[in-house]
Novice: 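First, the structure itself, so that you have it in front of you.
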There are 2 protein chains.
Amino acid sequence: MTTDTTHILIIDDEREIRRFLRISLHSQGFEISEAASGREGIEMAQSVLPDLILLDLGLPDMDGQEVLKSLHWQCRAPVIVVSVREGEEEKVAALDAGAADYVTKPFGIRELLARIRVALRAHAGAETSLTPIRAGDIDIDLVQRRVSRGGETLHLTPREYAFLARLAQTPGQIVTGRQLLIELWGPVFEHNTHYLRILVSRLRQKLGDDPRTPSLIQTEAGIGYRLMVESDTAP
Amino acid sequence: MTTDTTHILIIDDEREIRRFLRISLHSQGFEISEAASGREGIEMAQSVLPDLILLDLGLPDMDGQEVLKSLHWQCRAPVIVVSVREGEEEKVAALDAGAADYVTKPFGIRELLARIRVALRAHAGAETSLTPIRAGDIDIDLVQRRVSRGGETLHLTPREYAFLARLAQTPGQIVTGRQLLIELWGPVFEHNTHYLRILVSRLRQKLGDDPRTPSLIQTEAGIGYRLMVESDTAP
DNA sequence: ACCCGGCGTAAAAGTTTCGTAAAAACCGCA
DNA sequence: TGCGGTTTTTACGAAACTTTTACGCCGGGT
């Protein structure tokens, strides 16, 4: 339930508009980030990796079309343009530049929310083609949400999968036990380290990994765990 | 998909509007089909299999929402609603019912064309394979809208078919319960998870699938469902 | 050797999610 | 208006998952 929240980035120079949008969207359960300029927006787009972007075309520091192109370049999130300008040329240009939708101010918040749902819905199918991660004889396919061993699908529980997927996101790197607990269970469970031990135990059984000589999930005593990919020998 | 020209179906009862759209779209290289009523439109949607549908909500013979739902269930083509009504509720209802966009008459043809390009662009990734999908002794033909078991056609209710078709669009891939509820029932029903359980139960009976050892519809407890294709054996 | 803290495993108890049946409400259609 | 098929409500037993509880292991420090 921690990664389930949809993240929306608002790029608008008017504080009042941002405030209005933030409150409206937050009440719908979305997580919000804000940027007040084009440059800041582009930076945040690559740092927070939002699921959707609301962009005001009338920014002071950059041309709207430029912002749109930059955003389109560096993150795959759909962009909904929000603008005061009614001009048809403006709309056509924005839509052809990659915008998913174009809403004219003043707009009804309910319509905007519906259009956000449409954009998210349309984008859900077009989710990227990430290549499966291979570790030993284990394949981890984050797109299909499937883990297989020698071609045969393994059945993992939600938490087991979440754990493995988290390690797979940063292959070879150590992930702190604390960090794992916070990300998988929530900040309250920061100190329930035995949850991890039990989870890892079951997981290693399913993956056919020996804790004495791990070839997949390696324990870093006192620190956390790491997923070994390709050739990694204990230092 | 035999031709590479993009096929657009126009559903509108006003002859003049159809004529205007036909000429405008034809000049852009689109191939056009026309329907003057909801019923005719739904029929044509499954016979000509358009790449996109332009739908007027103010049809004389059927409620616009009904047409929208029917279209959404039987062909994957994006629907752009064209309507004289400005009402926000109307827009929200149409968008949540599956419409890809909502354009208010009178509209600029250039904007409409841009929005058509957006819809086609967004939809390009979600191409479904036109060859029937085989899972065990079940054949799922998304083109003919037919599901058969050992050659014999099964009778599925609209929702049952919609569910199965959605799984078949991403074979082997897991689909979240939340996503299924939103796509089949609408965003409001996001939490009615028991709808899915009942639907799946009936569906498995009809398909002859045992939930304990599923060979077709596999449950991922806490996550969602997936259609098993090829060789997958339950542990 | 001894104690001790971090780790791994196993089996239980507890909680959530799933599957199924049957009844009630709904809806297009004659 | 009543009818047949479909969807939604309601209810409960079964299964899956998580958390608790308990115990054995290994290595380092004293």
Side-chain angles (χ1 to χ4, degrees), chain A residues 1-2 4 154-164 174 176-178 180-181 184-186 188-214 216-226 234, chain B residues 37-39 42 59 61-67 69-70 73-74 97 154-164 174-178 180-181 184-186 188-214 216-226 234-235:
Chain A
M1 213 63 88
T2 46
D4 243 28
L154 297 175
H155 180 72
L156 302 185
T157 71
R159 282 234 151 80
E160 287 165 357
Y161 177 83
F163 178 90
L164 198 58
I174 297 181
T176 308
R178 178 172 160 276
L180 285 163
L181 285 163
L184 268 63
W185 277 271
V188 186
F189 297 80
E190 188 183 329
H191 300 106
N192 298 34
T193 54
H194 56 287
Y195 283 17
L196 287 176
R197 287 202 277 282
I198 292 160
L199 188 62
V200 170
S201 173
R202 278 205 314 266
L203 205 39
R204 284 208 261 235
Q205 277 172 226
K206 289 188 179 178
L207 299 174
D209 201 22
D210 180 3
R212 253 68 63 120
T213 59
L216 294 166
I217 301 174
Q218 187 178 11
T219 304
E220 295 286 345
I223 310 290
Y225 297 89
R226 93 165 88 193
Chain B
S37 71
R39 199 151 302 283
I42 291 167
L59 295 171
D61 64 330
M62 289 177 71
D63 176 44
Q65 301 297 321
E66 287 304 317
V67 182
K69 269 188 202 163
S70 301
W73 282 354
Q74 61 194 239
L154 295 175
H155 174 70
L156 301 185
T157 71
R159 279 222 154 78
E160 286 165 358
Y161 177 80
F163 177 91
L164 199 57
I174 188 167
V175 185
T176 307
R178 177 172 158 275
L180 286 163
L181 285 163
L184 268 62
W185 278 271
V188 186
F189 297 81
E190 188 183 327
H191 299 106
N192 297 34
T193 54
H194 55 286
Y195 285 18
L196 287 175
R197 288 202 277 280
I198 291 155
L199 188 62
V200 169
S201 175
R202 278 205 316 268
L203 206 38
R204 283 209 260 235
Q205 278 171 225
K206 289 189 180 179
L207 299 174
D209 201 22
D210 179 3
R212 253 70 63 111
T213 60
L216 294 165
I217 301 173
Q218 186 179 14
T219 303
E220 296 282 354
I223 308 294
Y225 296 89
R226 89 167 82 203

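Chain letters run A, B, ... following the sequence lines, proteins first, then strands; residues in each count from 1.
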Novice: Just compare D:dT18, C:dT20, D:dT19 and give me whichever is closest to any side-chain atom of B:P211.
Specialist: C:dT20
Novice: How would you label the contact of B:T219 with the nucleic acid (heavy atoms, under 4.0 Å): base, sugar-phosphate, or nothing?
Specialist: sugar-phosphate
Novice: Is there side-chain contact between B:R204 and B:D210, with heavy atoms separated by less than 4.5 Å?
Specialist: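 B:R204 vs B:D210: side chains apart.
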Novice: Contact class for B:F189 (heavy atom, under 4.0 Å): base, sugar-phosphate, or nothing?
Specialist: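 Answer is nothing: B:F189 stays at 4.0 Å or more from every strand.
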Novice: Please tell me if A:W185 has a side-chain N or O lying less than 4.0 Å from either OP1 or OP2 of D:dT19.
Specialist: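 The answer is yes; a side-chain N or O of A:W185 sits under 4.0 Å from OP1 or OP2.
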Novice: Which of these nucleotides, D:dT18, D:dA15, C:dG8, is closest to any side-chain atom of A:T157?
Specialist: D:dT18
Novice: Write down the distance between CG (B:L207) and C1' (C:dT20), rounded to a whole number of angstrom.
Specialist: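 So the CG-C1' distance, B:L207 to C:dT20, works out to 16 Å.
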Novice: Atom CD of A:E160 to atom C1' of D:dC17: distance rounded to whole Å?
Specialist: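 Nearest whole value for this atom pair: 9 Å.
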Novice: Check the distance between C:dC18's C1' and B:R202's CZ and give it to me in whole angstrom.
Specialist: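 Going from B:R202 (CZ) to C:dC18 (C1'), I get 16 Å.
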Novice: Could you tell me whether the side chain of B:L164 reaches within less than 4.5 Å of the side chain of B:L207, counting heavy atoms only?
Specialist: yes
Novice: Using a cutoff of under 3.5 Å, can you pull out all pairs of nitrogen or oxygen atoms linking the protein to nucleotides 20-22 of chain D, with atom names and distances?
Specialist:
residue	atom	partner	partner atom	Å
D:dT20	OP2	A:Y195	OH	2.5

Novice: What integer distance in Å separates A:Q218:CD from C:dC7:C1'?
Specialist: 14 Å
Novice: Can you name the side chain to side chain donor-acceptor pair (under 3.5 Å) partners of A:Y195, sequence neighbours left out?
Specialist: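 With neighbours one apart ignored, the set is A:N192.
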Novice: Counting side-chain heavy atoms from C-beta on, which of D:dT6, D:dT18, C:dG6 comes nearest to A:R197?
Specialist: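 Per side-chain heavy atoms of A:R197, the pick is C:dG6.
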Novice: Separation of B:E220 atom CD from D:dA15 atom P, in whole Å?
Specialist: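 Atom-to-atom, B:E220 to D:dA15, this comes out as 18 Å.
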